Asks: 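Following this message is one structure expressed as structure tokens.
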Amino acid sequence: MSEISLGTSIAGVPEAAPRQPPALTTGPVAWLRANLFSSWLNTALTLVLGYLIVRYAISFVDWAFVNAIWSVENNQTQACRALKASATPGACWAVVTEKHRFILFGTYPYEEHWRPALVCVLFTALYAVSAMRRFWRKELALIWIATLVVIGILMWGGILGLSYVPQERWGGLPITLILATFGLAFAFPLSILVALGRRSSMPAVRVLCVAYVELIRGVPLISLLFMASVMFPLFLPEGINIDKLLRAQVAITLFAGAYLAEVVRGGLQALPKGQYEAADALGLSYWYKTGFIILPQALRLVIPPLVNTFIGFFKDTSLVLIIGIFDLLTAGKTAVVEPAWQGFGVEVYLAISVIYFCYCFAMSRYSQNLEAELNRHRRR
Amino acid sequence: MSQTTIDPRHLRPPPKRQIRLSWADERVRAIVWQVLIVGAVIGIVWWLVRNTQHNLEVRRIATGFGFLQREAGLPIGEHLIEYTPASTYLRALTVGVLNTLKVAVIGIVLATILGTLIGIARLSKNWLLSKIAAVYVEVIRDIPLLLQLLFWYTMLQGLPAPRQALNPVSGVFLSNRGLRLPFLDWQEAHSWALLAFVAGCFATWLTAKALRRKQMEDGRPRPLWPAAIGFIIGLPLLVWLAGGAPTAIDWPALRGFNFQGGFTISPEYFALLIGLTTYTAGFIAEIVRAGILAVAQGQWEAAQALGLRPGVVLRQVVLPQALRVIVPPMTSQYLNLTKNSSLAVAIGYQDIVSIANTTLNQTGQAIEGIAIIMAVYLTISLSISFFMNWYNNRIALVER
């Protein structure tokens, strides 16, 4: 029975024609076929894009490296200007070589530049240490305090044989890092309080927190910076004058606090209600419940969006340019004001972009990795 | 026996908790805390107001908005409404608000288009295209907007002078004085045609609604395009022809050291628009990508299995679901773009912040100036979020 049916089925199959071997599915050729030349349209697109990339990459390399001038003597920029007007234009990196100390450290005394340089290294190390999960313990707060004290000593000086440098002379990258770091250090606790207040059962507290968050988020940071620079002096009693940098710092902190509060609130809302109820059922007080049950879990949920907010906030510190505080961007803009170097802004801005990009890209990569790591248990 | 038994608990009123005047009572604690906090806030505000009043007296600054009626005497390069330096501050600030809206509205439209294209490009099967889009997004999002604006402005200023202006297409000139485009010599007929176009769009919308209603009745789809072409293209065309069909075009031409005629886009506005558009497009691209990825693959497959054509699948199945994910974050990007347009002050485009800042420097009315800036942005922000919330509710999932 089965033999017969087997025989008929074989007989039913027509003689198989000699077939081509199956197309490659691995290896570079297959990769190219799948990703670049899968259809006529894709092939055309690849060729057009490839042509454009090669063409512009060549002219960029020509401009940035081949024809570029890397240094000039005694601010003699005629060569640069001639190059700019010529048929084969090139970058004048001499402006960056010449002014890099000024762009990085502003008007800080020249022979003391190792101090702000060390400060930048310390800040970067502080970020790196805070990013590592094995350092996420209570001791981290101590590390922060210790580092910030050391940074203060280095910047101001006046003790340990370091000469005193008044705050007006600080500038460049340290100012950017100071604004970002201190802003963050104060805004984060503020944001947690505000986020808790916004979910509080007390109507008056809730209204105040909502008003604060919505008011700050509804206006641009510039208006807050203007407020800090022209209105804060009116708010304070006569004779009390706070420094401009501190005023800008307050404005940035208030601004960041509102945005971070919304992120933290997202974490508080995402936490299952059972956690709140379980803590209540154990008879914990509000602060025990919040400190030991809710916040550790809620904050962990929102670390990636928090890092993204930090990135935005790091970039936003550049806005202090508008009220004339000497951060990295202001220093760069000032460097090309000098008549000899006028017209070379593009090179300076590119150089500064690279610095900002390094910090922000590192943070954004870190946040993506962290997100993947924290979500690993969910994917199973 | 079969009577429904009534749960005795329902007959009893819920127990009334009496307020004990004790720290152990949660409600008493809540009241005390709130009184304390509100009191502290009022105290701080009162202290600030008193300081301010005192300081203003010492500095002899009169408060109030009376200065708005005074002559401004500040020159404004770009104005959508009639303005001279002899106009009042109120007029100057109105010009500023209109300038802000001009850059914000056009920026939002352009950023949405560019961002959507880049977001789709990032999902492309073509490796090269998706990598280019990815690099664009990474780079543009990790550099401060202000730096980008300064960069674009410097680039535009580095362009040749009008005499050596770049001339990519006949009639279009790009120089360090901005972009000059040929433009219609504006006649009354054009205004009427524009009005007819708006009316045509409205009529098309009404027709679409009516057709949809009829389709609901008998289930037969009816084509919209004949009515749409008639209303949107035919009607303005008729009005234009009736107005004498003026076709004169104002071509820019070099006279002396600058161009005359045509339509000008100033370098400040151009730099601000490029900067805002490219920056916000980087964020919008990510939102669009996330929105499209959020639609489950099964939805595509199910729609194809029903035999729907690819265009219909995209329009009727995928897009409505993706939009639900896209719209809320898109709202905040639109708000960000509007607020970021305030950076105009750094490159000299005269938006509301720039003009209010000049006003407060000239008059010394710091509080009023900043209050005006904040009020304007709060109004714009609230309007955008109101509109987007309305739109979001319209497209939200209708749950039964």
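A quick note: this is a predicted structure, and the numbers were derived from the prediction, not measured. In what follows, chains are A, B, ... by sequence order, proteins preceding strands, each numbered from 1.
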Asks: B:Phe283: what forms a ring-ring contact (aromatic ring centres under 6.0 Å, His included) with it, not counting sequence neighbours?
Replies: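 In terms of ring-ring contact (aromatic ring centres under 6.0 Å, His included), with neighbours along the sequence ignored, B:Phe283 is linked to B:Tyr279.
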Asks: So which of A:Tyr286, A:Trp31, A:Phe314 has the biggest tally of heavy-atom pairs under 4.5 Å with chain B?
Replies: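 The residue among A:Tyr286, A:Trp31, A:Phe314 with the greatest pair count is A:Trp31.
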Asks: Identify the residues of residues 328-339 of chain B whose heavy atoms come closer than 4.5 Å to a heavy atom of chain A, ordered by number, or report 'none'.
Replies: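 Heavy-atom contacts from residues 328-339 of chain B to chain A are B:Lys339.
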Asks: Of the backbone (N, CA, C, O) and the side chain (C-beta and beyond), which part of B:Ile132 lies under 4.5 Å from a heavy atom of chain A, both, or neither?
Replies: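 For B:Ile132, the contact with chain A is made by the side chain alone.
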Asks: Please look at B:Ser381 and chain A and tell me whether the side chain, the backbone, both or neither of the residue comes under 4.5 angstrom of a heavy atom of that chain.
Replies: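 For B:Ser381, the side chain is the part near chain A, not the backbone.
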Asks: Count the heavy atoms belonging to other residues, nucleotides or ligands that lie under 6.0 Å from NZ of B:Lys131, then report whether that count exceeds 12.
Replies: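 For B:Lys131, atom NZ is not crowded (no more than 12 foreign heavy atoms under 6.0 Å).
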Asks: For A:Arg199, is the CZ atom crowded, meaning more than 12 foreign heavy atoms sit under 6.0 Å from it?
Replies: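 Yes, CZ of A:Arg199 has more than 12 neighbouring heavy atoms, counting only those of other groups under 6.0 Å.
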Asks: Tell me, side chain or backbone of B:Val41 under 4.5 Å from chain A's heavy atoms, or both, or neither?
Replies: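 The answer is the side chain of B:Val41.
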Asks: Over all heavy atoms of both residues, which pair between A:Ser318 and B:Leu146 is shortest? Give the atoms and the distance, please.
Replies: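 Result for this residue pair: O-CD2, 3.3 Å.
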Asks: Using a cut-off of under 4.5 Å for heavy-atom pairs, which of B:Leu56, B:Thr379, B:Leu343, B:Val38 has the most such pairs with chain A?
Replies: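 The option with the most such pairs is B:Leu343.
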Asks: Working to the nearest 0.5 angstrom, can you tell me the gap between B:Arg27 CZ and A:Ser201 OG?
Replies: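 Interatomic distance, B:Arg27 CZ to A:Ser201 OG, rounded to 0.5 Å: 11.5 Å.
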Asks: Kindly compute the distance separating CG (A:Leu225) from CD1 (B:Ile370), expressed to the nearest 0.5 Å.
Replies: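 Answer for the CG-CD1 pair, A:Leu225 versus B:Ile370, is 10.0 Å.
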Asks: With sequence neighbours left out, what residues match B:Val139 under side-chain contact (heavy atoms from CB on, under 4.5 Å)?
Replies: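 For B:Val139, the residues satisfying side-chain contact (heavy atoms from CB on, under 4.5 Å) (neighbours in sequence not counted) are A:Phe357, B:Val135, B:Ile143.
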Asks: Look at atom CH2 of B:Trp47 and say whether more than 12 heavy atoms of other residues, nucleotides or ligands are closer to it than 6.0 Å.
Replies: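 Atom CH2 in B:Trp47 is packed in, count exceeds 12.
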Asks: Minimum heavy-atom separation for A:Val346 and B:Met155, please, with both atom names.
Replies: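 Result for this residue pair: CG2-SD, 3.8 Å.
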Asks: Taking C-beta and beyond as the side chain, do A:Val219 and B:Leu378 meet within less than 4.5 Å on heavy atoms?
Replies: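 Yes - at least one pair of side-chain heavy atoms lies under 4.5 Å apart.
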Asks: Using every non-hydrogen atom in the two residues, find where A:Ser223 and B:Ile373 come nearest and quote the distance to one decimal.
Replies: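 Minimum heavy-atom contact is CB-CG2, 3.8 Å.
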Asks: Just give me the residue among A:Gly218, A:Ala204, A:Ser200 that pairs up with chain B most often, heavy atom to heavy atom, under 4.5 Å.
Replies: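 Max contact count across the listed options: A:Gly218.
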Asks: What part of A:Arg206 is in contact with chain B, defined as an atom under 4.5 angstrom from a non-hydrogen atom: side chain, backbone, both or neither?
Replies: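 When you check distances to chain B, no heavy atom of A:Arg206 falls under 4.5 Å.
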Asks: As an exercise: rank A:Thr317, A:Val354, A:Ile222, A:Ile355 by heavy-atom pairs under 4.5 Å with chain B and give me the winner.
Replies: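 Highest number of heavy-atom pairs under 4.5 Å: A:Ile222.
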Asks: Looking at every heavy atom in both A:Lys315 and B:Asp142, which two are closest together, and how far apart are they?
Replies: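 Scanning both residues, the minimum pair turns out to be CD-C, 4.0 Å.
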Asks: Taking the side chain as everything from C-beta on, heavy atoms only, tell me whether A:Leu329 gets closer than 4.5 Å to B:Leu150.
Replies: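 The answer is yes; the side chains approach within 4.5 Å.
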Asks: Please give me the minimum heavy-atom distance between B:Leu147 and A:Ser353, naming the atom from each residue.
Replies: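 Heavy-atom minimum between the residues: CD2-OG, 3.5 Å.
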Asks: Where does A:Ile352 contact chain B at under 4.5 Å (heavy atoms): side chain, backbone, both or neither?
Replies: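 For A:Ile352, backbone and side chain are both near chain B.
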Asks: Report yes if some heavy atom in the side chain of A:Phe226 is under 4.5 Å from a heavy atom in the side chain of B:Leu360; otherwise report no.
Replies: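 A side-chain contact under 4.5 Å is absent here.
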Asks: Which answer fits A:Ser364, side chain, backbone, both or neither, if we ask what part of it has an atom under 4.5 Å from a heavy atom of chain B?
Replies: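 When you check distances to chain B, only side chain atoms of A:Ser364 fall under 4.5 Å.
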Asks: Are A:Phe235 and B:Thr52 side-chain neighbours, meaning at least one heavy-atom pair lies under 4.5 Å?
Replies: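 Yes, side chains in contact.
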Asks: Scan the side chains in residues 40-54 of chain A for donor-acceptor partners under 3.5 Å anywhere in the protein, sequence neighbours excluded, and list what turns up.
Replies:
unit_1	atom_1	unit_2	atom_2	d
A:Asn42	OD1	B:Asn126	ND2	3.3
A:Asn42	ND2	A:Ser38	OG	2.6
A:Thr43	OG1	A:Ser39	O	2.7
A:Thr46	OG1	A:Leu36	O	2.7
A:Thr46	OG1	A:Asn42	O	2.7
A:Thr46	OG1	B:Asn126	ND2	2.9

Asks: Does any backbone or side-chain atom of B:Asn357 lie under 4.5 Å from a heavy atom of chain A? Answer side chain, backbone, both or neither.
Replies: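 Just the side chain, heavy atoms under 4.5 Å.
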Asks: Quick one: which of B:Asn340, B:Leu129, B:Ile37, B:Leu382 has the most heavy-atom pairs under 4.5 Å with chain A, could you say?
Replies: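 Option with the top pair count is B:Leu129.
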Asks: To the nearest 0.5 Å, how far apart are CG in A:Asp316 and CG in B:Leu145?
Replies: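 That separation rounds to 9.0 Å.
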Asks: Which region of A:Leu319, side chain (C-beta onward) or backbone (N, CA, C, O), has a non-hydrogen atom less than 4.5 Å from a non-hydrogen atom of chain B, or is it both or neither?
Replies: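 Both parts, backbone and side chain.
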Asks: Using every non-hydrogen atom in the two residues, find where B:Asn55 and A:Pro233 come nearest and quote the distance to one decimal.
Replies: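 Smallest heavy-atom distance, with atoms named: ND2-O, 3.6 Å.
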